[in-house]
Novice: 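Starting off with a structure, shown below.
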Amino acid sequence: MINVHLGQYIPADSFVHKLDPRAKLFGLIFMLTAIFMTREYFSVVLWAVLLVFIVRASKISLRVLLKSSRPVLYLVIFTFIFNLFMSKFSHAIFMSARLFILMLYALLLPMTTAPLELADGIDSLLTPLEKIGFPAHESSMMIGLAMRFIPLLAYETDNIIKAQLSRGARLDQGNLFQRVKSYFPVLIPLFVIIFRRADEIALAMTARGYNPKKLRTRRKPLIWKF
């Protein structure tokens, strides 16, 4: 479980997992908006305490959540450095801490909601927009596929890096330009895998007669409850 990748779903029998995906989406939008509008240190601490409470309620280890957030730490560090040059040190700490907590809340949604459930929730919320010609079902399907592929591609990237290191590649040596150049042997096979996976999914959906314009039913219809 400690090797959980960014956006990977972790099944568990918890109150948070059983919530309606639409309720979790509304809750996430509200929380992100409230955190973004926060201007006080005490409010950031309260949001952090609430995050720990939700993580415990979801039966997901806080260590696992922090481990999966490693890819977004670069953005947090960049935010800290940028604000450090633009304002005081305390303000840089506040901005980076607020952004980090905001991202942890965002990561908690795919970790506690299966990709299919999340796609159904987005589809249900976007369905009223079909009256003005918005492709609600196609959009929700693409979002669901993208979220399903995030941990898969992270796993494939990890395997490619290990394979290149075993062949003597030096990915962490040299200056910035040399490091970027050394990652080309990782990016090229990764792009090949991405296009191959996309082609396999397209063939599978075609073989099953998938038609986004047809009315589809759900195995578990979403019904609002208290």
Side-chain angles (χ1 to χ4, degrees), residues 1 4-38 46-62 64-65 68-69 72 101-154 197-198 200-202 204-226:
M1 291 285 285
V4 170
H5 294 288
L6 179 70
Q8 181 175 342
Y9 171 65
I10 302 177
D13 184 18
S14 71
F15 164 75
V16 180
H17 284 74
K18 295 178 181 178
L19 282 174
D20 191 300
R22 297 170 295 180
K24 284 189 274 191
L25 285 168
F26 278 127
L28 178 63
I29 293 172
F30 168 76
M31 289 178 177
L32 296 185
T33 304
I35 295 173
F36 187 77
M37 296 176 62
T38 297
L46 289 180
W47 282 112
V49 172
L50 179 61
L51 175 67
V52 174
F53 174 78
I54 296 176
V55 171
R56 294 295 299 272
S58 64
K59 298 182 180 180
I60 294 177
S61 171
L62 183 62
V64 173
L65 178 62
S68 67
S69 67
V72 302
I101 294 175
L102 186 147
M103 289 182 171
L104 290 180
Y105 272 103
L107 287 175
L108 198 58
L109 175 65
M111 294 180 73
T112 58
T113 313
L116 183 59
E117 294 180 357
L118 190 58
D120 287 343
I122 296 174
D123 188 14
S124 177
L125 294 177
L126 296 180
T127 297
L129 298 179
E130 290 183 343
K131 296 180 180 180
I132 59 175
F134 183 80
H137 176 70
E138 292 89 332
S139 301
S140 61
M141 181 193 65
M142 287 189 295
I143 294 174
L145 287 175
M147 299 198 67
R148 173 65 181 89
F149 265 75
I150 289 175
L152 182 61
L153 293 179
R197 294 278 188 178
E200 290 174 354
I201 287 185
M205 295 174 70
T206 303
R208 288 165 174 78
Y210 176 78
N211 185 353
K213 301 300 181 182
K214 295 291 184 180
L215 181 63
R216 298 176 62 84
T217 58
R218 295 187 176 93
R219 185 171 65 90
K220 294 182 177 180
L222 297 178
I223 301 175
W224 284 106
K225 298 178 182 179
F226 176 76

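Just the heavy atoms: all of them, side chains too, but no hydrogens, waters or symmetry mates, feed the values below.
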Novice: Who are the side chain to side chain contact (heavy atoms under 4.5 Å, CB included) partners of Arg56, not counting sequence neighbours?
Specialist: Val52
Novice: Enter the distance from Ile201:CD1 to Thr206:OG1 here, rounded to the nearest 0.5 Å.
Specialist: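 Going from the CD1 atom of Ile201 to the OG1 atom of Thr206 covers 11.5 Å.
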Novice: Return the minimal non-hydrogen interatomic distance between Leu51 and Leu108, and the atom names on each side.
Specialist: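 Minimum heavy-atom contact is CD1-CD2, 4.2 Å.
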Novice: Is any NZ, NE, NH1 or NH2 atom of the basic residue among Arg22 and Asp120 found under 4.0 Å from an Asp or Glu carboxylate oxygen of the other?
Specialist: no
Novice: Supply the atom-to-atom distance Leu25 CG to Phe30 CZ, rounded to the nearest 0.5 angstrom.
Specialist: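 If I round to the nearest 0.5 Å, the distance is 15.0 Å.
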Novice: Can you confirm whether Thr112 sits close enough to Ile10 that some side-chain heavy atom of one is under 4.5 Å from a side-chain heavy atom of the other?
Specialist: no
Novice: Using every non-hydrogen atom in the two residues, find where Ser61 and Val55 come nearest and quote the distance to one decimal.
Specialist: C-CG1, 4.2 Å
Novice: Could you tell me if the side chain of Lys59 sits less than 4.5 Å from the side chain of Phe15, heavy atoms only?
Specialist: no
Novice: Report yes if some heavy atom in the side chain of Phe26 is under 4.5 Å from a heavy atom in the side chain of Leu125; otherwise report no.
Specialist: yes
Novice: For the CG atom of Asp123 and the CD atom of Glu138, what is their distance to the nearest 0.5 Å?
Specialist: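 Rounded to the nearest 0.5 Å, the CG-CD separation comes out at 9.0 Å.
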Novice: Locate the shortest heavy-atom distance separating Glu117 from His17; write the atom from each residue and the value.
Specialist: OE1-O, 4.5 Å
Novice: If every non-hydrogen atom of Thr38 is compared with every non-hydrogen atom of Ala34, which pair is closest and at what distance?
Specialist: OG1-O, 2.9 Å
Novice: Within this structure, what is the CG-CG distance for the pair Leu109 and Leu28, rounded to the nearest 0.5 Å?
Specialist: 5.5 Å
Novice: Apply salt bridge (Lys or Arg N to Asp or Glu O under 4.0 Å) to Lys131 and list each qualifying residue two or more places apart in sequence or on a separate chain.
Specialist: none
Novice: Has Ser124 got a side-chain atom pairing as donor or acceptor with Gly121's backbone, closer than 3.5 angstrom?
Specialist: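 Side chain of Ser124 to backbone of Gly121: no pair is present.
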Novice: Would you say that Phe134 contacts Ser139 through its side chain, given a criterion of any heavy-atom pair below 4.5 Å between the two side chains?
Specialist: yes
Novice: Mind listing the closest non-hydrogen atom pair of Ile122 and Ser140 along with its distance?
Specialist: CG2-CB, 4.0 Å
Novice: Applying side chain to side chain donor-acceptor pair (under 3.5 Å), which residue pairs with at least one partner in residues 23-37 are found, sequence neighbours left out?
Specialist: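 Residue pairs passing side chain to side chain donor-acceptor pair (under 3.5 Å), neighbours aside: Lys24-Thr113.
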Novice: In sequence, state the C-alpha distance, the side-chain angles, and the governing distance for Met142 and His137, and then conclude on side-chain contact (heavy atoms from CB on, under 4.5 Å).
Specialist: CA-CA 9 Å; Met142 287 189 295; His137 176 70; over 6 Å; no
Novice: Is the number of heavy atoms from other residues, nucleotides or ligands under 6.0 Å of Tyr210 OH greater than 12?
Specialist: yes
Novice: Checking side-chain contact (heavy atoms from CB on, under 4.5 Å) for the pair Lys18/Asp13: CA distance, chi angles, key distance, verdict?
Specialist: CA-CA 8 Å; Lys18 295 178 181 178; Asp13 184 18; 2.8 Å; yes
Novice: Under a 4.5 Å cut-off applied to non-hydrogen side-chain atoms, are Val16 and Ile60 in contact?
Specialist: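 Side-chain contact under 4.5 Å: no.
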Novice: Over all heavy atoms of both residues, which pair between Ala12 and Ser58 is shortest? Give the atoms and the distance, please.
Specialist: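 Closest approach of Ala12 to Ser58, heavy atoms only: CB-O, 4.0 Å.
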Novice: Just wondering, do Val64 and Met111 contact through their side chains at under 4.5 Å, heavy atoms?
Specialist: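 Yes, at least one pair of side-chain atoms sits under 4.5 Å.
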Novice: Check for a donor-acceptor pair, side chain of Tyr105 on one end and backbone N or O of Ile35 on the other, with a separation under 3.5 Å.
Specialist: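 No; judged by distance alone, with no hydrogens or angles, the pair does not exist.
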